[in-house]
Number of protein chains: 2
Amino acid sequence: MDVARRAGVSQKTVSRVLNDEPYVSAEVRQRVLAAAAELGYRLNTAARALASGRTGSIGVVTLGTALYGPVTMLMSIERAARDAGYALRVVNTVEGDPDGITAAVNSLVEQGVDGVVVSEPIDEGAFSFRPDVPVLVLGMPAAFFAPPAVTVPGHAAQAARSATEHLLELGHLTVHHVAGPARWYAAGDRLRGWRAALAAHGRPEPPVIEGDWSAASGRAAGRRLAADPGVTAVFAANDEMAVGVIRALVEAGRPVPAEVSVVGFDDIPLAAYLNPPLTTVRQSFDAVAREGLAHLLRAIEGPDAAPPPAGDPPVELVVRGSTAPPPA
Amino acid sequence: MDVARRAGVSQKTVSRVLNDEPYVSAEVRQRVLAAAAELGYRLNTAARALASGRTGSIGVVTLGTALYGPVTMLMSIERAARDAGYALRVVNTVEGDPDGITAAVNSLVEQGVDGVVVSEPIDEGAFSFRPDVPVLVLGMPAAFFAPPAVTVPGHAAQAARSATEHLLELGHLTVHHVAGPARWYAAGDRLRGWRAALAAHGRPEPPVIEGDWSAASGRAAGRRLAADPGVTAVFAANDEMAVGVIRALVEAGRPVPAEVSVVGFDDIPLAAYLNPPLTTVRQSFDAVAREGLAHLLRAIEGPDAAPPPAGDPPVELVVRGSTAPPPA
DNA sequence: TTGAAAGCGCTAACAG
DNA sequence: CTGTTAGCGCTTTCAA
């Protein structure tokens with residue numbers, strides 16, 4: 001309004017300039033920009049959202065923990081969203097809250113977002129809501145939701161399989177698995193990959209020990225594993241648990257990797273600096289976030305939006321010092 | 001509007017009910033609530049923000065990394081904000097961006113927030129902006145900003161001092177320090193604490209090695225330290241660097257803690273499970289976030305808001321296996 | 001205790 | 001290329 005007067009144009013023209021719309025003469029554009037700068041003018045997001053129906057922000061549902069995987073995914077989503085011109089709203093799901101994800105998505109929709117990303121999906125039975133914006137669920141088997149939901153599968157199963165095969169190729173007769181909580185889809189993926197590798201090689205499948213992603217739970221699992229002299233190789237569903245397993249093994253006098261090999265999952269930044277350096281699987285959170293967001297933006301903006309990047313996100317086994325052939 | 005018609009009341013009355021305002025009869029309240037529920041009605045945040053001038057959300061400027069400290073602080077802020085009824089907007093500062101914090105704060109203000117929290121302040125010279133909302137700067141010496149900024153100092157210096165003293169009391173003649181980047185206030189705090197401990201005990205102050213918070217930089221520092229046979233004790237400004245230091249020491253054939261003691265800072269969840277378990281300093285991010293947010297809310301809502309919790313946030317030295325007396 | 005009227009600051013749709 | 005006219009869905013102010 002003030003800017004319009006000062007630049008001697010209509011309010012709508014100011015709007016056009018500030019939104020980079022076409023059909024504004026260069027001269028007028030300059031004049032408006034100058035006036036806006038002088039007045040320290042800022043577009044009011046609330047008014048824009050009210051008038052346009054779009055908020056320019058997307059919401060993320062994430063875990064309220066410092067675990068590497070979820071946190072890195074959040075950071076990657078932030079970057080991808082910002083690059084696409086969207087602001088981010090974040091809601092943590094609280095541990096133990098029964099319908100945490102549903103509630104979190106709802107709160108985001110109420111806050112006003114153009115789309116929602118569910119970063120670490122947990123099986124809560126059915127998602128009992130009909131959000132009126134697109135929802136992207138990361139790391140989920142497709143076709144689990146009706147639109148407007150969109151899913152991006154993730155490649156953890158395949159990666160888990162190659163981690164297990166690495167151990168098998170080293171000469172281990174079988175591989176034990178310390179899984180994540182059963183309700184986490186991410187845990188299921190890894191479990192499936194491990195199982196597939198064992199089956200493909202005709203190896204016996206030892207009972208699964210379930211952890212909660214934490215190093216403490218890894219250590220508890222490791223204690224049970226250490227008591228069984230038949231255990232020579234362990235695949236943990238994330239690096240934190242792998243660290244706990246190694247700790248328990250070492251405490252029990254079973255050196256890693258001399259007696260028992262351990263591989264983790266995620267490649268936390270510390271992995272290369274541990275004693276021993278941790279063999280693990282690295283996945284590109286950035287790639288997954290970027291691909292997922294591209295899908296989400298299509299659902300929001302329509303088919304004119306940039307098409308999602310093609311190609312598999314890189315997943316790679318990083319062999320370091322925590323794996324070796326089994327003792328003779 | 002629809003809800004109003006359905007409940008047979010005015011729009012304003014609906015507004016009153018939905019905002020828990022007084023002066024609504026219980027009977028009408030019920031009727032409105034029922035109508036809203038049947039219609040699946042949701043308050044529109046944008047409209048409310050436009051009309052009331054308040055957005056009900058606060059913005060956080062944080063680092064785009066998976067480092068434990070910043071991430072945990074972010075999670076704590078999310079919790080504290082949600083408990084206070086505020087939604088969260090998040091912007092990461094990009095590494096290397098010269099005026100990263102200023103730009104991030106501006107973008108938050110443009111997005112529309114009632115207040116801003118700067119979680120990991122870096123010295124960027126002067127903050128060259130006059131945001132029109134209160135800004136809370138965590139971990140900063142007070143009185144660095146004019147209002148509407150408010151700062152919460154943090155107790156890292158004192159904690160760093162006790163970490164250093166722990167080493168001195170173990171019998172080490174002096175303590176070497178691997179610092180964080182000089183521009184980070186958090187790094188400065190720890191440096192000061194270390195220095196104070198040395199001075200108080202009349203010990204020589206060895207040259208500081210500066211890292212970048214990462215394990216890789218810690219390892220580089222550790223290599224230099226390992227080359228000096230006089231080094232028997234190291235205090236690293238965070239746990240990630242401490243892990244790198246230990247790695248380098250071990251690689252150089254200087255076992256920890258037999259030959260060299262190392263203490264970290266932050267108490268990452270993995271600290272207790274490392275080889276050796278890491279002696280470190282634990283600080284309560286939750287307490288700092290909660291106190292800081294209380295200050296911020298006062299600045300936003302006026303002096304009627306809940307007063308900030310009193311008392312020092314707990315900071316404690318956790319002694320584990322990476323420290324021991326110097327070799328004889 | 002309730003309601004009516006008047007915007008908040010922007011964009012959509014349509015004219016010029 | 002530019003302007004006019006209506007709202008978007010709330011809250012505010014004032015009156016009943």
Side-chain angles (χ1 to χ4, degrees), chain A residues 1-37 39-57 85-87 109-114 132-133 300-302 304, chain B residues 1-37 39-57 85 87 109-114 132-133 300-302:
Chain A
M1 196 66 237
D2 278 349
V3 175
R5 199 171 13 249
R6 181 161 187 132
V9 298
S10 78
Q11 205 185 127
K12 174 62 211 182
T13 300
V14 172
S15 170
R16 273 198 265 264
V17 171
L18 265 22
N19 287 303
D20 274 324
E21 280 171 31
Y23 306 126
V24 182
S25 72
E27 192 261 331
V28 169
R29 182 175 302 264
Q30 283 318 316
R31 204 140 36 92
V32 171
L33 256 20
L39 264 36
Y41 175 76
R42 273 172 180 157
L43 247 159
N44 178 320
T45 328
R48 175 214 287 260
L50 181 56
S52 71
R54 296 180 60 279
T55 65
S57 64
Y86 281 78
V109 170
E110 245 150 53
Q111 287 172 37
V113 292
D114 296 339
D132 20 49
V133 298
I300 293 172
E301 301 173 354
D304 300 336
Chain B
M1 195 65 236
D2 279 350
V3 174
R5 205 178 0 257
R6 180 156 187 138
V9 298
S10 78
Q11 206 186 127
K12 173 61 213 181
T13 300
V14 173
S15 170
R16 273 199 265 263
V17 171
L18 266 20
N19 288 304
D20 277 324
E21 281 172 29
Y23 304 125
V24 183
S25 72
E27 192 261 331
V28 169
R29 181 175 303 262
Q30 283 317 316
R31 204 140 36 91
V32 171
L33 254 22
L39 265 36
Y41 174 76
R42 273 172 181 155
L43 247 160
N44 179 319
T45 328
R48 176 213 286 261
L50 181 55
S52 71
R54 295 179 62 280
T55 65
S57 65
V109 171
E110 245 151 52
Q111 287 170 39
V113 290
D114 295 340
D132 19 49
V133 299
I300 293 173
E301 301 173 354

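In what follows, chains carry the letters A, B, and so on, assigned in the order in which the sequence lines appear, proteins first and then strands, with residues in each chain numbered from 1.
Without hydrogens or angle criteria, A:Ser57 side chain to A:Ala87 main chain gives no donor-acceptor distance under 3.5 Å.
Heavy atoms only, all atoms of each residue included: B:Thr55 and B:Val113 are closest at OG1-CA, 3.5 Å. Minimum interatomic distance between A:Thr45 and B:Gly112 (heavy atoms only, all atoms of both residues): OG1-N, 4.0 Å.
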| note | Readout for nucleotides 11-16 of chain C: B = base within 4.0 Å of protein heavy atom, S = sugar-phosphate only, - = neither; 5' to 3' it is BBB---
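Atom CG of B:Leu50 is separated from atom C1' of D:dT12 by 12 Å (rounded to the nearest Å). Taking atom CG of A:Asn44 as the reference point, atom C1' of D:dC8 lies 13 Å away to the nearest angstrom.
Using a 4.5 Å heavy-atom threshold, the side chains of A:Glu301 and A:Asp114 count as separate.
Taking CG of B:Leu43 as the start and CD of A:Gln111 as the end, the distance is 13.0 Å to the nearest 0.5 Å.
Side chain of A:Thr13, nearest nucleotide from D:dG9, D:dG3, C:dG9: D:dG3.
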